[in-house]
Number of protein chains: 2
Amino acid sequence: MELNERMKTILTAVLHRYITTAEPVSSSIIAKKYKLNLSTATIRHEMNLLEKHDYLWQPHTSSGRIPTDKGYRLYVDNLMKKSHLKENEKKRIIQIYQKSKEFEETMRTTSQLLSKLTNNIGVVLGPHILNNSIKHIQFISVGNNRILVVIITNTGLVCQKLINISGEITKNTLNYLSNFINSKLIEKDIDLINLNNILRDELDKILSFQESFNYIHNFIEECFNLRDFSDKVYLDGRINIITQPEFKETNKLNYILSFIEEENALANTIRKYLGFKQTKIIIGRENKQKEIQNCSLVARKYTIKGKPAGAIGILGPTRMDYPRMISIVEYISDKLSDILSEF
Amino acid sequence: MELNERMKTILTAVLHRYITTAEPVSSSIIAKKYKLNLSTATIRHEMNLLEKHDYLWQPHTSSGRIPTDKGYRLYVDNLMKKSHLKENEKKRIIQIYQKSKEFEETMRTTSQLLSKLTNNIGVVLGPHILNNSIKHIQFISVGNNRILVVIITNTGLVCQKLINISGEITKNTLNYLSNFINSKLIEKDIDLINLNNILRDELDKILSFQESFNYIHNFIEECFNLRDFSDKVYLDGRINIITQPEFKETNKLNYILSFIEEENALANTIRKYLGFKQTKIIIGRENKQKEIQNCSLVARKYTIKGKPAGAIGILGPTRMDYPRMISIVEYISDKLSDILSEF
DNA sequence: TTTAGCACTCTCACCTTGAGAGTGCTAAAT
DNA sequence: ATTTAGCACTCTCAAGGTGAGAGTGCTAAA
């Protein structure tokens with residue numbers, strides 16, 4: 001059913017009030033603070049209807065109202081006005097970014113910025129190696145038939161993995177291999193899958209006469225096994241959750257924080273939104289994970305040279321200032337995209 | 001003043017009881033559970049003396065006793081019996097370690113093991129590049145006069161830093177440089193300072209005729225600037241703190257967690273104990289940081305091939321099972337030393 | 001359609017109260 | 001000289017009662 005204008009106004013007022021105070025909103029507060037020129041009785045009447053339609057609820061019969069997830073959803077989709085960061089806030093962000101010169105530092109700065117600006121948990125999903133082009137590969141023998149593979153991408157992302165080989169590969173062969181591969185990479189924009197395809201054809205030909213061919217073949221196969229490459233997660237602001245009034249009871253807190261502690265859990269949630277063009281907002285019970293069904297998530301992808309690379313997000317109580325959260329997430333993801341594209 | 005045997009026995013009993021229950025210990029509980037063949041009145045008398053000497057205190061006049069920091073200190077130094085892990089616990093730890101093949105993973109596993117076994121916060125200070133010998137150096141130009149330096153050590157530690165250079169250094173020069181440096185490293189056990197000394201002499205001679213000598217010289221200087229190399233910190237088990245009864249009040253929790261959130265704070269605390277041979281135990285107010293004066297820290301260095309490399313530790317409420325905590329920290333630091341020495 | 005008025009509901013802070021846990025002191029027992 | 005039984009005393013804590021206050025829904029009048 002469609003709400004009339006007055007109901008929308010009242011719902012919006014309740015939302016704004018509740019977001020700032022975290023306390024049930026009464027009809028008289030609305031009448032007083034939001035000059036709607038309506039009596040408390042009328043407002044009560046409308047609130048009653050809003051409750052019947054599941055946009056509001058009451059903790060007990062004689063208390064004020066609190067928005068439901070459905071209420072927040074309507075607000076986010078239809079009622080709220082988009083907000084924009086102030087110019088000096090934007091400047092601050094740029095200034096802070098300028099201090100971090102290096103890839104890792106930039107990612108850490110991003111999660112810190114997110115958590116500090118929003119007073120919520122900030123999370124950044126590092127770019128996956130797949131979304132980068134490869135700049136350099138180095139093989140280093142570390143004894144016991146183990147080889148450390150270090151791959152460096154154009155953005156300065158350094159990935160490493162250790163490979164156990166069944167036989168022996170000499171240092172000369174390793175050098176030969178890395179030289180050969182690096183020669184393919186010079187001045188070219190080749191990603192990991194591309195590279196693998198190129199190598200699969202060429203290397204086999206070159207190496208087929210080698211004695212240790214099988215070892216080398218297996219080694220290279222494992223080297224490009226995508227499963228082992230995980231994107232890094234940067235998380236900040238866990239404390240922010242603790243100070244929120246809705247999580248005063250330690251058992252609720254516990255529940256959320258055990259979800260957060262497992263960094264990958266949040267990362268996996270956010271990873272889904274890498275393909276979305278727009279900012280994604282997931283409210284309360286819309287979250288599939290039970291642990292964060294009292295929370296909302298605002299997530300957005302970032303890009304490197306136009307290509308989706310990773311995602312950032314914030315996690316906080318459903319009672320959050322959505323317009324501001326969205327504007328922060330969007331501004332930061334844009335800036336991060338710019339910075340990473342320049343690297 | 002020296003306590004007599006009976007007082008020591010009673011103090012130990014109070015400590016054991018309080019450590020398991022987290023509640024003030026009464027004279028009758030001691031009489032009942034720890035068959036000392038003394039009446040409650042006698043125990044009360046002794047407890048009273050112990051309180052006068054600041055080993056115990058009471059939250060209020062008619063409550064049981066709680067150990068003071070001084071009480072814990074006496075316990076740790078003189079009263080407690082050293083404990084040892086059970087054989088199957090040791091086996092479990094070794095099994096878990098066997099799953100992690102790679103340097104980073106090993107460090108993460110260590111902090112997880114610490115936190116899970118102790119039910120406290122586990123922290124691991126990664127080995128500093130200084131304490132490793134260098135295996136390979138790679139320079140990669142990432143545009144805008146920036147060069148990414150990747151240094152790989154014998155343990156598989158991968159360090160990176162980004163250097164801004166004022167002029168231009170061609171890719172050929174970079175290749176030449178890294179080849180030259182790597183040639184010095186082959187089959188040798190050279191650490192960063194060593195390497196720097198060797199290079200300072202030799203490189204200048206070789207390069208003196210080069211046009212871009214100054215740029216290169218500055219670049220190499222910056223490259224070996226130790227300030228920029230920080231050791232990594234691995235932290236786990238933040239939630240464990242929340243479930244401790246002593247931190248029910250969220251403001252206390254807040255205080256501790258804000259200290260933990262700043263990973264470097266705990267890292268810096270632990271770093272001090274790198275030079276100590278023995279396990280270091282810091283109890284409550286012995287900690288210089290106010291935020292963790294309700295906590296105790298058990299820390300110990302680990303070694304790589306006999307040389308001190310980094311440190312591990314656990315942080316929990318002063319009310320912890322010290323013998324067990326110590327045995328866990330010691331066993332894990334030994335195992336970690338073994339594993340890293342084998343890499 | 002709106003609203004003043006009112007009865008009603010629920011919470012919350014505050015108080016009282018009594019049981020229970022635990023102590024320190026003292027005088028008697030060992 | 002030590003130990004302990006006995007007892008008065010202190011403090012906490014949970015339970016129950018109370019009244020103020022906040023807020024509601026309903027109704028009848030504007």
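Order of the sequence lines fixes the chain letters, A, B, ..., with proteins taken first and strands second; residue numbering starts at 1 for each chain.
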Before accepting this row, confirm whether a basic side-chain N of the pair A:Lys90/A:Glu87 lies closer than 4.0 Å to the acidic partner's carboxylate O.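 Yes, this pair counts.
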Rounding to a whole Å, what distance do you find between [X]:[atom1] and [N]:[atom2]?
X       : N      : atom1 : atom2 : result
A:Leu50 : D:dG25 : CG    : C1'   : 16 Å
A:His60 : D:dG21 : NE2   : C1'   : 12 Å
A:Lys52 : D:dT24 : NZ    : P     : 14 Å
B:Lys32 : C:dG22 : NZ    : C1'   : 12 Å
B:Ile29 : C:dG22 : CD1   : P     : 6 Å
A:Asn4  : C:dT1  : CG    : C1'   : 13 Å

For B:Lys81 and B:Pro323, which heavy atoms make the closest approach, and how far apart are they?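 In terms of heavy atoms, the two residues are closest at O-CB, 3.5 Å.
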Determine yes or no for a side-chain-to-main-chain donor-acceptor pair under 3.5 angstrom, with A:Asn287 supplying the side chain and A:Gly284 the backbone.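 Here the side-chain-to-backbone pair exists.
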Hey, does the side chain of A:Glu261 reach the backbone of B:Arg238 with a donor-acceptor pair shorter than 3.5 angstrom?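 Yes; judged by distance alone, with no hydrogens or angles, the pair exists.
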Within residues 39-47 of chain B, which residues have any heavy atom lying less than 4.0 Å from an atom of DNA chain D?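 Residues of residues 39-47 of chain B under 4.0 Å from DNA chain D: B:Ser39, B:Ala41, B:Thr42, B:Arg44.
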Taking only side-chain N and O atoms of [X], does any of them lie within less than 4.0 angstrom of OP1 or OP2 on [N]?
X       : N      : result
A:Arg65 : D:dT24 : yes
B:Arg6  : D:dT3  : yes
A:Thr61 : C:dC8  : no

Which residue is it: B:Tyr18, B:Tyr322, B:Tyr55? I am looking for the one with a ring pair (Phe, Tyr, Trp, His ring centres under 6.0 Å) to B:Tyr72.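 Option passing the ring pair (Phe, Tyr, Trp, His ring centres under 6.0 Å) with B:Tyr72: B:Tyr322.
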Between the base of D:dT24 and the side chain of A:Ser62, is there a donor and acceptor pair under 3.5 angstrom?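 There is none.
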Listed once per pair and sorted, the side-chain hydrogen bond (donor to acceptor under 3.5 Å, both in side chains) pairs that draw on residues 57-69 of chain B, sequence neighbours left out: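 Checked against side-chain hydrogen bond (donor to acceptor under 3.5 Å, both in side chains) - neighbours excluded - the pairs reaching residues 57-69 of chain B are B:Glu51-B:Arg65.
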Partner nucleotide, any strand, of D:dG23 [Watson-Crick/G-U, under 3.5 Å]: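 D:dG23 is paired with C:dC8.
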